[in-house]
K.L.:
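Below: one structure in structure tokens.
Per chain, numbering begins at 1; letters A, B, ... match sequence-line order.
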Amino acid sequence: MKYHINILKLVLSTGLLLLIYQSIGIAKAIDVIDPARAMASQCAQCHGMEGNNNEGFDDLNGEPFDEIYDELMDMLSSSDNELMHHQAKGYTQDQIIALANYFSGQAKTNSNNSEDISSEPTKDIEKYKDEEDEEERD
Amino acid sequence: MTQINRREFIKVSTASAALAVTPSILKAQEGGAILEARVTVIGGGFAGATVAKYLRMWSDGKIQVTMVDKNPDHVSCVLSNLILNDRLQLEDITLPYTPLEENYGVIVKQGTVTGVTSDINEAVHTVHLGNGGESIECDYVVLAPGIEFINVEGLKDGDVNQFDIVPHAWIAGLQTELLRDQLHSMQSGDTFIMTVPLSPYRCPPGPYERACVVADYIKRVKGTGKVIVLDPHSDITIEKETFSQAFNGIYKDIVEYIPDAKLLEVEIKDNGDRVAITTAGDFTGKVLNVIPTHKAGKIVEDLGLLSDGERFAPVHAASYESTLRSGFYVIGDSNNSGQPKSGHMANAQAKVCADAIIRTIAGKTTSKDFVHDPVRLSSIKTNSACYSPITYDEASWLTAVFAYETADNSMKLVSDTFGSMKLVPGSFASSHSPHWSNDNFKDMFEWANSLFSNTFR
């Protein structure tokens with residue numbers, strides 16, 4: 001029962017806001033009271049955000065709640081020595097719910113979107129990566 | 001631990017959300033006026049560029065943000081060691097500011113900040129640019145100037161800038177190319193000497209990574225030669241297993257690691273040889289790469305944001321506001337928040353700072369303390385992740401998460417989040433070390449590209 005109350009609180013603090021700006025598409029100023037935004041921004045160094053998802057690791061924006069939640073919870077309890085498995089342990093279960101909720105409520109971005117605010121990836125490094133792949137095939 | 005039933009959660013979520021769409025929450029926060037303010041950011045590295053971008057983005061363009069840097073664009077220290085062994089060129093890691101202007105409306109000014117004056121209430125600040133440059137009036141000042149060096153004897157500023165002879169290459173740019181050129185002009189059998197700076201310093205694995213990259217270059221291109229690593233610490237400070245395995249394994253004929261070697265003085269001989277005089281003895285080589293002890297960027301000290309005798313600025317961990325002067329924030333390598341100094345971490349801190357400034361501004365009109373909202377405090381996180389090239393095409397990784405601790409108002413390492421690539425029992429193959437891999441080398445570029453985008457585009 002207790003967790004229902006917690007969830008209700010969570011829904012009111014994050015889910016509802018997401019729903020509001022999805023349906024009304026309004027001012028980001030209301031995010032001031034949503035702590036999930038700043039927390040979720042910590043994923044962007046590697047995963048990209050704001051339309052930059054054509055680079056980096058897995059996309060998060062617009063991914064299903066279940067997928068994000070399940071993966072992070074698996075990593076949280078995993079003893080594998082992998083980078084993301086260490087990262088996941090920085091968050092509580094409640095925070096993982098908030099993150100999954102936040103990302104699943106964001107518009108999915110893709111590189112063909114004309115409103116994509118990202119500029120070209122660093123071309124030289126991209127090119128270099130292709131060469132690297134070729135080397136490996138040799 | 002309670003097992004959350006997600007189906008239940010989604011059901012509850014949908015039902016209650018449908019019931020509860022009350023526009024009153026919106027009204028309370030609506031109206032452009034609440035976020036009107038001007039912020040000047042001093043320094044356009046990973047910390048400065050991120051805070052400028054996120055202040056604009058999260059305020060929906062309501063906060064006016066001016067970012068000042070002495071350079072027209074930023075040369076990334078991240079990946080810069082790969083210039084030394086010709087894996088990358090400077091242009092690959094040069095990041096223009098134009099996307100910040102075009103995509104987010106950040107006002108970018110090139111110039112050197114000579115000082116900041118404040119009105120009698122310390123409410124309005126004026127940032128002065130040198131050389132007859134303009135003055136920028138603002139309500140908040142964010143300092144992200146990176147590092148300065150504490151010069152050692154023999155490297156003091158004089159008629160000749162000794163860094164032109166003994167490069168640090170620790171602020172990327174022409175210095176990086178200079179060190180590369182010196183390395184490339186070495187003959188087979190020559191010695192490359194480098195010093196590790198005293199902790200805390202920018203990029204904890206960086207010096208050891210550099211030793212590996214230089215050793216790889218000497219091994220592949222010059223055949224024979226030496227890399228002498230002079231470390232003021234009594235042991236390798238980070239990723240010890242990885243770097244000692246590299247130094248004592250694949251680079252055992254090249255790398256000589258000297259602990260407890262504090263650099264005292266530098267001498268240039270008539271024949272051009274460089275001598276590093278240290279507490280562990282004198283070392284002579286063709287190339288000397290001194291990475292001096294760091295301190296906060298000069299402007300931080302000039303503005304009185306350093307405590308006596310301290311190298312880095314004390315800040316409130318919930319906002320990065322200086323503990324010595326309100327309205328001034330210090331992010332990235334210049335603060336003493338106890339978190340690693342790196343581009344990735346600078347980006348992480350900048351987001352917490354941007355969030356805090358927006359909450360401060362919003363709080364002014366509503367008389368609420370949004371900054372110290374308990375839910376916010378408990379969700380303040382930063383993280384660190386990086387990859388270090390160890391060979392020509394292999395890298396290791398390192399990561400950690402930090403969380404805000406209310407008890408002492410500080411950022412603390414979260415247990416079990418600190419990790420690095422490690423030997424997995426049973427997986428060791430004689431020709432290959434599980435401490436580094438080619439997959440990680442590729443991931444390194446994914447990571448860097450993503451970090452560059454998230455910060456500068």
K.L.:
Using a 4.5 angstrom heavy-atom cutoff, name the option from M39(A), K89(A), Q42(A), H85(A) with the most pairs to chain B.
P.N.:
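It is Q42(A).
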K.L.:
If I measure from the heavy atoms of chain A, does F418(B) come under 4.5 Å with its side chain, its backbone, both, or neither?
P.N.:
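Just its backbone gets close to chain A.
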K.L.:
Answer with side chain, backbone, both or neither: which region of S384(B) has an atom nearer than 4.5 Å to a non-hydrogen atom of chain A?
P.N.:
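The backbone, not the side chain.
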K.L.:
Pick one of side chain, backbone, both or neither for Q45(A), based on which atoms fall under 4.5 Å of a heavy atom in chain B.
P.N.:
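Looking at Q45(A), backbone and side chain both touch chain B.
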K.L.:
Describe, in one word, how the ring planes of W58(B) and Y54(B) are oriented to each other, choosing from parallel (under 30°), tilted (30 to 60°) and perpendicular (over 60°).
P.N.:
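The rings of W58(B) and Y54(B) stand perpendicular, inter-plane angle above 60°.
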K.L.:
Counting heavy-atom pairs under 4.5 Å to chain A, which of I380(B), N383(B), N347(B) comes out on top?
P.N.:
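Max contact count across the listed options: N383(B).
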K.L.:
So for A348(B), is it side chain, backbone, both, or neither that comes closer than 4.5 Å to the heavy atoms of chain A?
P.N.:
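Both the backbone and the side chain of A348(B) come within 4.5 Å of chain A.
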K.L.:
Please state whether the side chain, the backbone, both or neither of S420(B) comes within less than 4.5 Å of a heavy atom of chain A.
P.N.:
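For S420(B), the contact with chain A is made by the backbone alone.
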K.L.:
Got a sec, which residues hit side-chain hydrogen bond (donor to acceptor under 3.5 Å, both in side chains) with Q87(A), two or more places apart in sequence or on another chain?
P.N.:
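Expected list: T399(B).
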K.L.:
Should K351(B) and D355(B) count as an ion pair when the cut-off is N to O under 4.0 Å?
P.N.:
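Here K351(B) does not pair with D355(B) in a salt bridge, since their nearest N and O are not under 4.0 Å apart.
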K.L.:
Mark yes or no: R457(B) above the aromatic ring of F452(B), with NZ or CZ under 6.0 Å from the six-membered ring centre and no more than 45 degrees from the axis.
P.N.:
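Judged by the rule, R457(B) and F452(B) form no cation-pi pair.
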K.L.:
Report the C-alpha distance between M411(B) and Y404(B) in whole Å, list the side-chain angles of each, state the deciding distance to 0.1 Å, and finish with yes or no for side chain to side chain contact (heavy atoms under 4.5 Å, CB included).
P.N.:
CA-CA 5 Å; M411(B) 292 301 287; Y404(B) 183 80; 3.9 Å; yes
K.L.:
Considering only heavy atoms, which portion of A400(B) lies under 4.5 Å from any heavy atom of chain A: side chain, backbone, both, or neither?
P.N.:
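Contact with chain A is through the backbone of A400(B) alone.
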K.L.:
Identify, with sequence neighbours excluded, every residue that meets ring pair (Phe, Tyr, Trp, His ring centres under 6.0 Å) alongside Y387(B).
P.N.:
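Residues passing ring pair (Phe, Tyr, Trp, His ring centres under 6.0 Å) with Y387(B): W447(B).
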